[in-house]
Structure formats: C-alpha cells, structure tokens
*Asks:* 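Pasting a structure here, questions to come.
Computed over heavy atoms, backbone and side chain alike; hydrogens, waters and symmetry mates excluded. Chain identifiers are assigned alphabetically (A, B, ...) following the order of the sequence lines, protein sequences preceding nucleic acid strands; residue numbering begins at 1 within each chain.
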Protein chains: 2
Amino acid sequence: MDDIDRKIAALLSDDARASLAQIGAAVGLSTSAVNDRLRRLIERGVIRRMSADIAPEAVGLPVTGFVWVALAPAADEGAFRAAMAQLPRVTACHHVTGPWSYLVQIRAASLDAVEDFLSELKSGGWIARSETMLALSTVVEPPFRYRG
Amino acid sequence: MDDIDRKIAALLSDDARASLAQIGAAVGLSTSAVNDRLRRLIERGVIRRMSADIAPEAVGLPVTGFVWVALAPAADEGAFRAAMAQLPRVTACHHVTGPWSYLVQIRAASLDAVEDFLSELKSGGWIARSETMLALSTVVEPPFRYRG
DNA sequence: GCCCCATTCCGGAAAATTTGCGGCCGGGCA
DNA sequence: TGCCCGGCCGCAAATTTTCCGGAATGGGGC
C-alpha cells in the first residue's frame, strides 16, 4: 500500500474502466506491473468491487430520506441489521453515537414509498421512536448502487 | 429505459467489470446489442460513472462522521456548497428538512481529523451551530470513492 | 393496405485490452 | 560473494470491445 497503490485506487475510483495502459502511463509503470498491483489490491480487499454509479432519478428513485431510529428495547438488533442489509432501498445504515441508535438512509420512488418504509419498520416491532428528514437538494453524493 | 436496461444497470452496479458477453447471457442479448444499450445508458446519464469501491480503512480513513449544520445567517450558501463539493473527505452533503440545514458526511483518519474539519467549518464563518455524530459500526454503506 | 422511418437487433472482422508467462534487476541477508 | 525474493518488464495468446452493414420490428401517415 504505497503511493502508487493509492494513486491507482484513486484513478479507478474516478474511472473503473481506465485501461491498464492508461493507469500505467499515469503512475509510470507497465501494464503488467499495474495488473499485478490491481490483482493484489483486489485480493487484499482494498478494492471491494467495481460498481456502476446509477442516476437514481433515472430508475425512478428521486427521493432521498434519512431516518433516525431508536430501537425498541426488546428488538432483536441482529435481525434489524440483517433486514436493513437486505433491503435494496436502504443505501446506508450506521449505528451512531448520540440520542438515536441508528441512522438509516433510503432511496424511494415517492413520499408514499417513504411512508411505506416507515410503516414496515414500525409493524416489524423494531423501533421505539423515529424521526425522518428528507433531502431537498444534494451537493455531494456517493455512487448509487442500483440493486433492482 | 425498459426492464432490460434496468437489469443491465443492476448487473453493472454489482460488477462493473462484467463483460458484454456475460451481460448478454444474463439478459438474453448479443454482445453488440448490450454494447448499444450500454452506450445509450451512459449517453443519457443513467450510468453516471464506473467507480472502484475502496475500503476506507485500507487507505487510512477508518472514521465516519455525520455533521448536522445550521448555516450562519450571513453565510454564502453557494460558496459553502462549492467548498463541500471540493473537499475529498466529504462523502455526502445534502440540504435537508428539519431543524438543521445541511447534513454533511465525512471520512476521516482519526477523531482529531474530525475535529480539524469542524474547526475549518467554524473558522470559515459558515456555520451558526452544528452537531456531530460518529458511526460506531456500519451495516450498509454505499461505495466509497477515494479522491486522494 | 402500403410505404417509410426510426429503433434495435445481429453476426463478423478489426482494434484494443487483458492475461499469463519467462526473464531481468536490485535489495536484503548470511 | 552468492542466494533469494519481490516487483518490474516485454512479449504473445486469449479475451473483450468496437465498429461496421444488413435484417427484423413497430408505429405513423397516406
């Protein structure tokens, strides 16, 4: 994990389709050397995947919501996590410090869909309390992974 | 933007290195047809980019922080947005509903680095008030784009 | 019904890229 | 000095992408 590896990681973060020759030219290595490093970066888990960043509006998911969740005292936290990990509309879910236990980010087709999501959370018996905020506009956004 | 396009988008979200032949086999099209559709998806902006998802810990950024920001009344909001867009440590920034104006997500090398970020925000004169929460653990996370 | 146009598909050839070697070089070490 | 090992290079084979022309498909207009 030297500077060249970091530069390769940054280049591929920007354009995962860059050819080995292009990368090699940028970092001063042959295609073979770049290929070796790339293989090692993937093996070591430095590169977790190559992913297409999909425009959420283009697939009918224009709404971004943030849901603060306080888990119910009796809730099965493992099951909650498993459920969040499985839902394709959940784009992020973190256990956080502060008054809430989880911060869940979702992408949805409409405000109705956001409401449906909250209903599911409640009827699942997981949450004691929640608060939802919507994104009005987005300045910076990580790549969106469309999971169908 | 039919079902096949959506399936291609989903497949490439999962693995941007899948060959046209593999995708073709999955959706029942020839490589040429898949190539046509891929080109159009990119042209139309449905696919915004192909990106390598980097493990943040592997590049020395183990800390995830969420900063809720209330902008100072006199703050230049455009400049604030431009600054957020430019900072490589800012992984997300949304204008949101609720008591705060912005939600800023960052990746940092340490708690000290988080503090430094907050100091910069304050000394920039942008924020009236802020609250920071840290991620204790992560259940779901979008791809991380390493920007150097 | 018929023509025309646009769109999307296909197969195949050419170009580009990736992959899989063997060999070379330089640093660490006994 | 001599050996070993990691990392690099160039080259050739295999794979993939790109770039055509031409064939189906599905409306619109007459």
Side-chain angles (χ1 to χ4, degrees), chain A residues 1-62 109 142-148, chain B residues 1-62 109 142-148:
Chain A
M1 190 74 288
D2 57 7
D3 282 343
I4 294 182
D5 279 339
R6 267 184 286 276
K7 189 156 184 184
I8 291 174
L11 286 169
L12 288 173
S13 267
D14 191 61
D15 176 13
R17 293 238 139 166
S19 72
L20 299 176
Q22 283 176 307
I23 300 169
V27 302
L29 286 179
S30 71
T31 67
S32 313
V34 174
N35 194 32
D36 285 350
R37 279 171 179 268
L38 180 54
R39 189 178 36 71
R40 270 174 276 155
L41 286 171
I42 293 170
E43 274 172 9
R44 280 186 248 142
V46 175
I47 295 177
R48 298 190 286 204
R49 68 168 359 108
M50 306 285 202
S51 174
D53 173 19
I54 305 299
E57 321 79 38
V59 290
L61 298 169
F144 175 62
R145 214 147 82 70
Y146 177 55
R147 305 202 272 143
Chain B
M1 190 74 288
D2 57 6
D3 282 343
I4 293 182
D5 279 339
R6 269 183 284 277
K7 188 155 185 185
I8 291 174
L11 286 169
L12 287 173
S13 266
D14 190 62
D15 175 14
R17 295 238 137 167
S19 73
L20 299 176
Q22 284 176 304
I23 299 170
V27 302
L29 286 179
S30 70
T31 67
S32 313
V34 174
N35 194 32
D36 285 350
R37 279 172 179 269
L38 180 54
R39 188 178 37 70
R40 270 174 273 150
L41 286 171
I42 293 170
E43 273 172 9
R44 281 186 245 143
V46 175
I47 295 178
R48 298 191 286 204
R49 69 170 355 110
M50 306 284 203
S51 174
D53 173 19
I54 305 299
E57 321 80 37
V59 289
L61 298 170
F144 175 64
R145 214 147 80 70
Y146 178 56
R147 305 201 273 142

*Asks:* In whole angstroms, how far is the C1' atom of C:dG12 from the CG atom of B:L20?
*Replies:*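 Going from B:L20 (CG) to C:dG12 (C1'), I get 15 Å.
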
*Asks:* Which whole-number value in Å describes the distance from B:R39 CZ to D:dC20 P?
*Replies:*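 Computing the B:R39:CZ to D:dC20:P distance gives 11 Å.
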
*Asks:* Strictly below 4.0 Å, heavy-atom distances to any atom of DNA chain D: list the hits from residues 2-17 of chain B, or just say none.
*Replies:*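 Contacting residues: none.
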
*Asks:* Quick one: pull up CG in A:N35 and CG in A:L29 and give me the separation to the nearest 0.5 Å.
*Replies:*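 These two atoms lie 11.5 Å from each other.
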
*Asks:* Separation of B:R37 atom CZ from D:dT18 atom C1', in whole Å?
*Replies:*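 For the pair B:R37 CZ and D:dT18 C1', the rounded distance is 18 Å.
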
*Asks:* May I have the distance from B:L38 (atom CG) to C:dT8 (atom C1'), rounded to whole angstrom?
*Replies:*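 In whole Å, C:dT8 C1' and B:L38 CG are 15 Å from each other.
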
*Asks:* Taking atom types as they are modelled, would you say the side chain of B:S32 forms a donor-acceptor pair with the base of C:dG12 within the 3.5 Å cutoff?
*Replies:*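 Side chain to base: pair present.
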
*Asks:* What is the distance, rounded to the nearest whole Å, between atom CG of B:L29 and atom P of C:dT7?
*Replies:*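 After rounding, the reported distance stands at 18 Å.
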
*Asks:* Does B:V34 or A:N35 map to a spot on DNA chain C nearer the 5' end, using the closest nucleotide for each?
*Replies:*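 The answer here is B:V34.
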
*Asks:* I need the CD-P distance between B:E43 and C:dT8, as an integer number of Å.
*Replies:*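 It is 11 Å, rounded to the nearest whole Å.
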
*Asks:* Answer with base, sugar-phosphate or nothing: what part of the nucleic acid does A:R40 contact at a heavy-atom distance below 4.0 Å?
*Replies:*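 Touches sugar-phosphate only.
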
*Asks:* Does B:R6 form a side-chain contact (heavy atoms from CB on, under 4.5 Å) with B:D3? I'd like the steps, not just the answer.
*Replies:* CA-CA 5 Å; B:R6 269 183 284 277; B:D3 282 343; 3.2 Å; yes

*Asks:* As an exercise, state the distance from CZ of A:R39 to CD1 of A:I47, rounded to the nearest 0.5 Å.
*Replies:*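 If we round to the nearest 0.5 Å, A:R39:CZ and A:I47:CD1 are 12.5 Å apart.
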
*Asks:* Taking side chain to side chain contact (heavy atoms under 4.5 Å, CB included) as the criterion, tell me which of A:D5, A:D36, A:L12 meets it with A:L41.
*Replies:*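 Among the candidates, only A:D5 passes.
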
*Asks:* Of A:S19 and A:D36, whose nearest nucleotide on DNA chain C comes first from the 5' end?
*Replies:*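 Nearer the 5' end of the strand: A:S19.
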
*Asks:* Taking CD1 from A:I23 and P from D:dC8, how many angstroms apart are they, rounded to a whole number?
*Replies:*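 It is 14 Å, rounded to the nearest whole Å.
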
